[in-house]
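Comments concern the structure below.
Both backbone and side-chain heavy atoms feed into the values below; hydrogens, waters and symmetry mates do not. So that the names make sense, note that chain A is the first sequence line, chain B the second, and so on, each numbered from 1.
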Amino acid sequence: MAEAAVAREAQGLQWTKKDLLGLEDLSAEEIRLVLATAESFREISLRPIKKVPALRGKTVVNLFFEPSTRTRTSFELAAKRLSADMINITASASSLTKGETILDMVRNLEALKVDVLIIRHAAAGVPHTIARQTNASVINAGDGAHEHPTQALLDLLTIQRQKGRIEGLKVSIIGDIAHSRVARSDLWGLTKLGACVTLCGPPTLMPSHIEDLGARVTWDVAEAITDADVLMLLRIQHERQEAALVPSLREYRLRYGLDEARLRSAKPDVLVMHPGPINRGVELDSYVADGPNSVILDQVTNGVAVRMAALFLVSGPPKVEE
Amino acid sequence: MSEGKLLISGGTVVDPSTKREGRADVLIEDGKITDIQPSIAARNGLRRFDASGKLVMPGFVDLHVHFRQPGREDKETVETGSHAAIRGGFTAACPMPNTSPVMDHRGAVEWVRQEGQRVGLIDVRPIGALTRGQQGEELTDFGELFEAGCIALSDDGKPLLSSLLMRRALEYAKVFGRPVIQHSEDTCLSAGGVMHEGLVSTTLGLRGAPSESETVMVARDLALAERTGGWLHVAHLSTARSVELIRQAKQRGVHVTCEVTPHHLALTDEAVRGFNTLAKVNPPLRTEQDRLALIEGLKDGTIDCIATDHAPHTAWEKDADFDAAPFGIVGLETALGVCATALIGPKHLTWSQLADRMAIAPARIAGLKDHGLAVSQPANLTIVDPAAAWTVDPASFASRSKRSPFAGHRLTGKVAAVIRHGLVAWDASA
Ligand SMILES: [Zn+2]
């Protein structure tokens with residue numbers, strides 16, 4: 001890819017990692033390299049013929065142990081626009097506990113000569129365990145409440161495109177921080193690129209010691225909204241109610257939901273973001289989700305570009321045939 | 001014991017039960033210690049074991065092991081567990097009853113005791129279940145279990161949650177003068193937790209079990225022990241607050257004893273980073289502050305003894321993802337090295353204190369008589385090379401489980417040999 005090569009050149013940095021497992025492991029320079037690469041790929045999706053031969057001959061597998069139409073589709077489009085061969089495997093997480101160990105599964109995929117494994121699993125650390133046991137590149141597409149690096153990278157790309165920078169911006173992430181891999185990856189990415197991050201939610205949804213990772217924590221949504229350049233809302237999961245984390249969804253909406261009135265207290269040019277899928281009327285009012293401050297659909301578009309960049313970078317420079 | 005006489009010569013005897021610590025030779029005849037003197041002359045017909053440069057201690061006793069038999073012989077058996085124990089310097093070990101079937105009746109207990117005798121390497125002294133099937137609903141027949149050879153009762157693996165049953169258990173066990181061992185965990189509070197709740201669990205996105213899931217249960221049980229006068233033994237302490245609660249309770253005269261594992265003395269939740277399932281144990285590895293409080297408690301006697309909670313699992317189970325992998329690691333073969341490195345090296349404990357915490361105190365709690373290096377007592381002793389530096393290689397374990405968080409760790413202090421009933425039962429140099 002000429003464009004990507006240019007982007008790489010511009011950064012003066014070569015990608016050296018086999019895998020993309022999380023933003024905790026990436027330096028600010030590596031994050032900037034992914035964003036620059038994504039920026040150059042973004043244009044491809046705007047062409048009438050949305051395809052380049054960058055990964056022709058490479059085999060990419062979507063290995064999803066947890067259903068996720070959005071992320072899976074985004075990766076699939078990214079791989080196809082780079083001309084990779086793509087297959088989808090939807091495995092049940094329980095198949096691993098019923099005797100087929102992760103190691104067995106990896107050995108099987110290894111035998112199929114796969115180049116890149118994209119892994120989504122409900123348990124934290126599964127992509128990391130697999131990455132250690134295979135020569136294939138692994139991209140983490142979300143592991144438990146741990147990390148979701150491509151989501152954070154697409155968030156960063158969206159903010160950078162809209163605001164022209166990330167450094168010095170005030171970003172508030174509002175919602176279920178405790179169970180959110182998106183919040184963790186965004187926190188790593190944003191702080192590494194110099195943004196000031198505020199995490200907001202009730203104490204029941206705030207993981208212990210999170211402030212030690214460099215975030216400001218508040219339970220007061222008004223405080224999180226005032227002065228923010230970006231508001232990132234997280235999905236509140238219905239099933240969380242069982243563990244008595246919030247008394248009810250109604251209570252949550254009244255205390256923490258972003259509605260028109262709350263949005264009025266924000267900066268006029270504040271960006272409203274959400275990783276999707278949205279619980280309309282819970283964490284985000286429909287008016288706000290579809291309103292002028294919302295960049296939620298830009299996030300979706302940028303997601304494909306970021307995933308193309310991730311696939312391209314972990315696949316490494318084209319190898320000379322022996 | 002037809003092999004007759006054995007002279008352990010040139011070693012330094014470290015025996016807190018007789019307060020002896022110094023150069024001495026030990027003469028053993030017909031399985032019993034018959035003489036201890038600064039120097040005993042070699043005679044004809046006397047086999048000699050050269051203990052020069054080594055420490056001669058009473059045999060270690062482990063109050064908390066899982067030998068998995070009957071039921072999970074793929075993880076461990078009484079036989080493989082006995083081999084692991086003797087290599088670790090243990091002459092006695094107490095298997096927990098969470099077997100299949102559960103050791104909640106005479107037959108299962110007697111079978112395990114007899115299997116231990118058949119193997120003949122160590123003294124296998126089972127712990128019986130506290131409730132039928134470890135279901136936490138009905139007490140077992142305590143008298144029958146003690147008659148069958150149990151040294152204590154416990155539902156280890158899980159806590160006894162019912163406060164009423166715990167009260168009754170502590171009351172009724174008084175008849176037999178034996179302890180009720182509690183795995184202290186409020187499982188409502190720790191539900192779903194796979195590691196200590198703190199910065200590391202937050203960073204890894206793993207569900208945490210808060211320290212309080214242990215301490216609230218310790219506090220409750222101390223209140224019940226205080227009321228009933230029953231003997232409470234708290235298994236595998238992990239938090240600073242639990243140590244403090246037990247220290248205060250002991251000052252008030254509550255009949256409580258407790259134990260700590262080598263891994264809680266040596267490691268913290270930092271060991272979990274990288275999703276290391278070998279650091280997945282219950283109770284979880286906690287913070288450095290907790291670790292130091294456990295060492296302080298062990299030093300001042302608040303914590304009576306070290307017990308390994310040797311909990312073997314198969315490789316394929318431990319190699320699963322972090323949420324799915326079972327809790328527990330093996331500990332028998334690394335206990336002395338890990339404890340010496342974590343406690344003696346940094347001068348937290350003396351060798352005499354370590355011998356007390358690994359041999360004398362647990363023997364007293366288990367009710368094993370005549371444990372110590374005194375004339376006329378059974379010759380069960382462990383010979384330690386305090387200066388030997390070695391690297392842990394789980395592939396060499398006698399245990400069926402070859403997975404350890406200490407793999408590759410460099411340790412100082414190694415079991416050189418074990419004498420049981422006057423015979424050399426294990427010799428590392430052989
Ligand atoms: Zn236990």
Is any residue of residues 193-200 of chain B within less than 4.5 Å of chain A by heavy atoms, and which ones?
->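 So the qualifying residues are B/Glu197, B/Gly198, B/Leu199.
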Which residues in residues 264-287 of chain B have any heavy atom lying under 4.5 Å from a heavy atom of chain A?
->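 At a heavy-atom separation under 4.5 Å, chain A is reached by B/Arg273, B/Gly274, B/Phe275.
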Looking at B/Arg72 and B/Glu317, does any basic side-chain N land under 4.0 Å from a carboxylate oxygen?
->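 Looking at B/Glu317 together with B/Arg72, the answer is yes, because their closest N to O distance falls below 4.0 Å.
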Carboxylate-amine/guanidinium proximity below 4.0 Å for A/Glu66 and A/Arg120 = yes
Residues B/Glu244, B/Arg247; criterion salt bridge (charged side-chain N to carboxylate O under 4.0 Å, His left out); working and verdict = CA-CA 5 Å; B/Glu244 187 50 37; B/Arg247 184 177 287 125; 3.0 Å; yes
Please confirm whether B/His66 and B/His310 have ring centers closer than 6.0 angstrom.
-> no
Sub-3.5 Å donor-acceptor pair from the side chain of B/Ser396 to the main-chain atoms of B/Asp393, do we have one?
-> yes
Look only at the side chain of A/Thr71 and the backbone of A/Ser68, and say whether a donor-acceptor pair between them is shorter than 3.5 Å.
-> no
Among B/Lys75, B/Lys318, B/Arg400, which residue meets the side chain to side chain donor-acceptor pair (under 3.5 Å) test with B/His313?
->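 Testing B/His313 for a side chain to side chain donor-acceptor pair (under 3.5 Å) against B/Lys75, B/Lys318, B/Arg400 leaves exactly one candidate, B/Lys75.
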Atom NZ of A/Lys170: over 12 foreign heavy atoms under 6.0 Å | no
A/Glu24 versus chain B, heavy atoms under 4.5 Å apart: side chain, backbone, both or neither?
-> side chain
Which bit of A/Arg184 comes within less than 4.5 Å of chain B, counting heavy atoms only: side chain, backbone, both or neither?
-> side chain
Among B/Glu73, B/Gln69, B/His83, B/Arg68, side-chain contact (heavy atoms from CB on, under 4.5 Å) partner for B/Val78 =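 With B/Val78 as partner, side-chain contact (heavy atoms from CB on, under 4.5 Å) holds for just one option, B/Gln69.
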Sorted by chain and number, sequence neighbours left out, salt bridge (charged side-chain N to carboxylate O under 4.0 Å, His left out) with B/Asp319 holds for B/Arg403
Can you tell me which residue pairs pass the salt bridge (charged side-chain N to carboxylate O under 4.0 Å, His left out) test with a partner in residues 128-150 of chain A, sequence neighbours excluded?
->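 Checked against salt bridge (charged side-chain N to carboxylate O under 4.0 Å, His left out) - neighbours excluded - no pair reaches residues 128-150 of chain A.
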Options A/His146, A/Glu211, A/His128, ranked by heavy-atom pairs under 4.5 Å with chain B, top entry |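 Looking at each of A/His146, A/Glu211, A/His128 in turn, A/His146 comes out on top.
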